[in-house]
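Everything below concerns the one structure shown next.
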Amino acid sequence: MHQNSIASPSIRAALLAMSGLLLAVLSGCSSTVHRAPVEDRPVSQSRPAPVAAGPVAPASAASAPEAPKQGAENAGKPGYYTVKPGDALIRIAMDYGQNYRDIARWNSIDNPDRIEVGQVLRVIPPGAVPDAPGVTTRPVTTAKVERRPLEGKASNGKPDPAAPAASAASAAATPSQAVASNPEEDFVWAWPAFGPVVGGFDEPRNKGIDIGGKAGDPIYASADGQVVYAGAGGVRGYGNMIVIKHGTNYLTAYAHNQSLLVKEQQFVRKGQRIAEMGNTEADQVKLHFEIRKQGKPLDPAKLLPSR
């Protein structure tokens, strides 16, 4: 008993030391389990910067100025036209009473089917002075149409069987032998088709008149002139179309045809058959017919003879 009582204090001290060591070990384990590691890094790296939607042009491209369009220095001047969305050269030519080939040549356009929005086009001949006496901003340069009677016609407007067949153009049937005279140019007109008028002039909704009929009915030139356009797609909504230039100021247009019987640059006589009636880009078979003076649409019913 005496020995046990002597050893007891030393044993208790050892036990206390071991207990303290065990508590230190357990404390270290507990901190490792419950504390998450923390990285010491800048805030800007902890969250990605927002990204703009869509592609972003390089700063050099975005700041580069747009190249000026052809003829931009003439924008707004009389005798020039700035191309707008949806424009076509043949439409511009009709609006200014010109041959689209001339406008293409004046502006060094190689492909008349390709013009750019914002492009500024000369629409009067080089050297012409807009609004000068005797010169308009919408001139048409061609030979003056001669006034002549219709040859080889009977009184009913159909070919006279007894007439000589030497000239196919003069022997062509016309809807009416009667002609209307234009005092400003001593000009004459004839109906381009036999059918009834199914649509009247109502600018800007209808820049001419519509004449009804059957598919394949003949279409005739309303006066002597030169074909300046014969094709499709030149003016949206007109289908297969022919445009003829008459005298110094006038154009006539014949739209929605089933087939075209003449070519561009061809000279035609009044009463010559130039097309067959159809319904290309139209809601029914009909001829859409326009008369324009210096590009301005006129009411054909006031210029054509009574029938």
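Computed from heavy atoms alone, side chains included, the values below leave out hydrogens, waters and symmetry copies.
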Side-chain contact, heavy-atom cut-off 4.5 Å: [X] with [Y]?
X	Y	result
V262	I244	no
Q265	N99	yes
Y100	E264	yes
I291	Y250	yes
W191	V197	yes
T252	W189	yes
L89	D113	no
R91	R236	no

So, the side chain of [X] versus the backbone of [Y]: is there a donor-acceptor pair under 3.5 Å, distance only?
X	Y	result
Q98	V123	yes
H256	G278	no
N206	G200	yes

In Å, rounded to the nearest 0.5 Å, how long is the span from [atom1] of [X] to [atom2] of [Y]?
X	Y	atom1	atom2	result
I124	K77	CD1	NZ	11.5 Å
D299	K302	CG	NZ	5.5 Å
F194	R307	CZ	CZ	9.0 Å
L261	Q272	CG	CD	9.0 Å
D95	Q294	CG	CD	13.5 Å

Working note: Q284 + N279, criterion side chain to side chain donor-acceptor pair (under 3.5 Å); need CA distance, chi angles, decisive distance, verdict. CA-CA 5 Å; Q284 66 180 87; N279 63 342; over 6 Å; no

Test side chain to side chain contact (heavy atoms under 4.5 Å, CB included) applied to R114 and I109, step by step: CA-CA 8 Å; R114 299 189 63 180; I109 297 175; over 6 Å; no

Taking all atoms of both residues into account, what is the closest heavy-atom pair of [X] and [Y], and its distance?
X	Y	result
T280	G239	OG1-CA, 3.5 Å
A301	I209	N-CG2, 4.5 Å
V285	A215	CG1-N, 3.5 Å
L304	S222	CD2-OG, 4.0 Å
L260	A230	CD1-C, 3.8 Å
V268	A221	CG2-CB, 4.1 Å

Applying side chain to side chain contact (heavy atoms under 4.5 Å, CB included) to R292 and K207, what does each step give before you reach the verdict? CA-CA 9 Å; R292 297 191 180 211; K207 299 181 185 300; 3.3 Å; yes

Before you tell me yes or no, could you show the steps for L287 and N257 under side chain to side chain contact (heavy atoms under 4.5 Å, CB included), namely the whole-Å CA-CA distance, both residues' side-chain angles and the distance that decides it to 0.1 Å? CA-CA 7 Å; L287 168 68; N257 303 291; 4.1 Å; yes

Single hit among N74, I92, D87, T82 for side-chain contact (heavy atoms from CB on, under 4.5 Å) with L121: I92

Joint hydrophobic cluster, L303 plus F201, side-chain heavy atoms closer than 4.5 Å: yes

Relative to the ring of Y254, is the ring of F289 parallel (under 30°), tilted (30 to 60°) or perpendicular (over 60°)? tilted

So if I apply the salt bridge (Lys or Arg N to Asp or Glu O under 4.0 Å) rule between D224 and each of K245, K270, R269, which one comes out positive? R269

Residue pairs passing the salt bridge (charged side-chain N to carboxylate O under 4.0 Å, His left out) test where at least one lies in residues 275-288, sequence neighbours excluded: D210-K286, R273-E276, D283-K286

Could you walk me through whether K214 and D217 pass the salt bridge (charged side-chain N to carboxylate O under 4.0 Å, His left out) check? CA-CA 6 Å; K214 302 186 301 296; D217 281 354; 3.8 Å; yes

Take Y229 and M94 through the test side chain to side chain contact (heavy atoms under 4.5 Å, CB included) and record every step on the way to the result. CA-CA 10 Å; Y229 179 79; M94 289 178 63; over 6 Å; no

